[in-house]
Amino acid sequence: MFNRWAGTVKKIGCWLSAEAPRRPFRAVGFVALAATERALAAHPDDAHRKTRQKSITGKITEMDDWISLRRMTAAQWEWDHNRAAIVAAQKREAEREKASDLRAARALAKARKQLAKAGVRSLTRTRFFTDWRGEVPAKMIAACEKLAHEAVVALSQRKDRTHDATLADLKALMRRYNALDGKYQHSFSTMDAETIVETVLDIATAVGVDEPLFDRAIDPVRAF
C-alpha cells in the first residue's frame, strides 16, 4: 500500500467484493489463503456494524473499488522506486498548504476585526447556512437560520448588557442548536457542526466576545 508518511505503515491489504472489470485487469488465477492470512480478514459486518464494539485495526478489510486498487498499487510502485521525488513533491505541497493556510488565517482575522467593529446590527440582513443548500434538508436550514436571526435581533435590541448575560445568551443559542440535531431526518455532520459553531462565533464576535472566551464558554455546552 502506498505510504505517504515514510514507512509508518508496513503492510496493508484488502479484499474486493465487486466483480473485477475486464479491462485493464486480467485474471491470472487464484491463490488460496493460508489459515494465518484468513484470520486477518475482517468479516464484512465488522466494518459496517461493529466498529464501536470491535476494533478492526490491522485487519484486511473490504474494498469495492477496483480502480482505486489500481491507483494504489501504482502509487506503491512509485513509492518503492521513486521515493526521493515523491518526498520532495510532498514537501513542496506541504509548503504551499502552509502558505495557503496562513493567508486564510490572516483573511479570517481581518474579517473578524471588521465584524467586531461593525457590531451585531450588521448581521441583521445576513443569510446564514447558504452553503448547506442541496446538502441539508430545507426545513433544517430554515430552522437553523431562524435561530441565528432571532439571536441577532435579540442581542441588537438590548442595551447595557453585561458580559455574563451575553455569554448566557450565546450558550442558550448553542443549546437550541443541540436540540435541533436529529430533527427533520438529519443529524449534524462534522462539517455541519463546524458551520454552526462558526455562525455562533460570528454573532459572538459582533457583540464583543473574543474567540478564546467563546471557546471556553461554548465548548462545554455544544453536544454535537
Side-chain angles (χ1 to χ4, degrees), residues 4 47-49 51-52 65 68 93-224:
R4 182 175 181 178
H48 302 290
R49 301 180 189 173
T51 50
R52 293 184 180 179
D65 186 350
S68 293
E93 179 62 23
E95 290 172 349
R96 283 194 294 268
E97 289 180 358
K98 183 178 180 180
S100 177
D101 290 345
L102 181 59
R103 289 193 298 271
R106 287 173 175 170
L108 181 59
K110 182 178 179 180
R112 296 270 186 227
K113 186 176 181 179
Q114 291 173 340
L115 182 56
K117 184 177 180 180
V120 70
R121 290 183 183 276
S122 67
L123 295 175
T124 54
R125 295 182 180 273
T126 299
R127 295 296 305 273
F128 299 102
F129 307 104
T130 56
D131 292 342
W132 282 6
R133 292 175 184 173
E135 302 293 333
V136 175
K139 288 184 178 180
M140 178 64 85
I141 296 174
C144 288
E145 187 165 29
K146 183 173 182 288
L147 290 183
H149 278 293
E150 287 176 347
V152 167
V153 171
L155 288 167
S156 64
Q157 290 177 344
R158 295 172 185 170
K159 299 179 180 179
D160 301 324
R161 293 188 54 79
T162 66
H163 222 49
D164 288 343
T166 299
L167 289 176
D169 282 347
L170 293 171
K171 290 177 183 180
L173 174 60
M174 183 55 69
R175 290 190 181 97
R176 294 187 188 103
Y177 281 117
N178 290 342
L180 283 180
D181 191 19
K183 294 199 175 173
Y184 308 109
Q185 298 182 328
H186 182 79
S187 295
F188 294 138
S189 67
T190 300
M191 292 184 67
D192 294 341
E194 290 176 355
T195 302
I196 291 171
V197 172
E198 286 296 316
T199 298
V200 181
L201 177 56
D202 282 347
I203 297 171
T205 301
V207 292
V209 176
D210 61 29
E211 189 167 358
L213 178 57
F214 173 85
D215 289 340
R216 291 195 299 271
I218 297 300
D219 282 351
V221 176
R222 183 165 66 93
F224 48 79

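Starting from 1, each residue takes its place in the sequence as its number. Given the structure is predicted, the values throughout are model-derived calculations rather than measurements.
- Contact annotation: the side chain of Thr205 never approaches that of Glu211 to less than 4.5 Å [non-hydrogen atoms, C-beta and beyond].
- No hydrogens or angles considered: nothing links the side chains of Asp169 and Thr166 as a donor-acceptor pair under 3.5 Å.
- Phe214 has its side chain within reach of Val197: a pair of non-hydrogen atoms, C-beta onward, lies under 4.5 Å apart.
- No more than 12 heavy-atom neighbours from other residues, nucleotides or ligands sit within 6.0 angstrom of CG on Asp131.
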> Given the rule in the side chain to side chain contact (heavy atoms under 4.5 Å, CB included) test, do Glu145 and Thr130 qualify, once you have shown the distances and angles that lead to the verdict?
Replying inline: CA-CA 9 Å; Glu145 187 165 29; Thr130 56; 5.7 Å; no
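- Contact annotation: the side chain of Arg103 approaches that of Ser100 to within less than 4.5 Å [non-hydrogen atoms, C-beta and beyond].
- Atoms CD and CE, on Glu135 and Met140 in that order, are 14.5 Å from each other to the nearest 0.5 Å.
- A 4.5 Å side-chain heavy-atom check between Glu150 and Leu173 finds every atom pair outside the cut-off.
- What you find for Gly208 and His163 is that their closest heavy atoms are O-CE1, 3.8 Å.
- The environment of CD in Gln185 is sparse: at most 12 heavy-atom neighbours from other residues, nucleotides or ligands sit within 6.0 Å.
- Between Glu93 and Arg96, at least one side-chain nitrogen of the basic residue sits less than 4.0 Å from a carboxylate oxygen of the acidic one, meeting the salt-bridge criterion.
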> Could you walk me through whether Leu180 and Phe188 pass the side chain to side chain contact (heavy atoms under 4.5 Å, CB included) check?
Replying inline: CA-CA 9 Å; Leu180 283 180; Phe188 294 138; 4.0 Å; yes
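- Pairing each heavy atom of Ser122 with each of Gly119, the nearest pair is OG-O, 2.6 Å.
- Between Trp132 and Phe129, the ring-plane angle classifies as tilted under the 30° and 60° cut-offs.
- Considering every non-hydrogen atom in both Lys171 and Ala217, the closest pair reads CE-O, 3.6 Å.
- Residues Arg222 and Ile196 fail the side-chain proximity criterion, which asks for heavy atoms closer than 4.5 Å.
- Closest non-hydrogen pair, Ala223 versus Asn178, comes out as N-OD1, 3.0 Å.
- Remark: side-chain polar atoms of His149 are not paired, donor with acceptor, to backbone N or O of Arg127 under 3.5 angstrom.
- Between Leu115 and Leu123, the closest side-chain pair of non-hydrogen atoms falls below 4.5 Å.
- Side-chain contact between Val221 and Leu170: absent, with no pair of heavy atoms (C-beta onward) separated by less than 4.5 Å.
- Taking CD1 from Ile218 and OH from Tyr177, the interatomic distance works out to 11.5 Å, rounded to the nearest 0.5 Å.
- Formation of a donor-acceptor pair under 3.5 Å by the Asp192 side chain with backbone atoms of Ser189 is found in this model.
- Atom CZ of Arg121 sits in a sparse spot, with 12 or fewer heavy atoms from other residues, nucleotides or ligands closer than 6.0 Å.
- Side-chain atoms of Arg216 and Leu213, non-hydrogen and from C-beta on, do get closer than 4.5 Å to each other.
- Once rounded to the nearest 0.5 Å, the distance linking OG1 of Thr124 with CG of Leu155 reads 12.5 Å.
- For Arg112 and Glu198, the salt-bridge test passes: some basic side-chain N is under 4.0 Å from an acidic carboxylate O.
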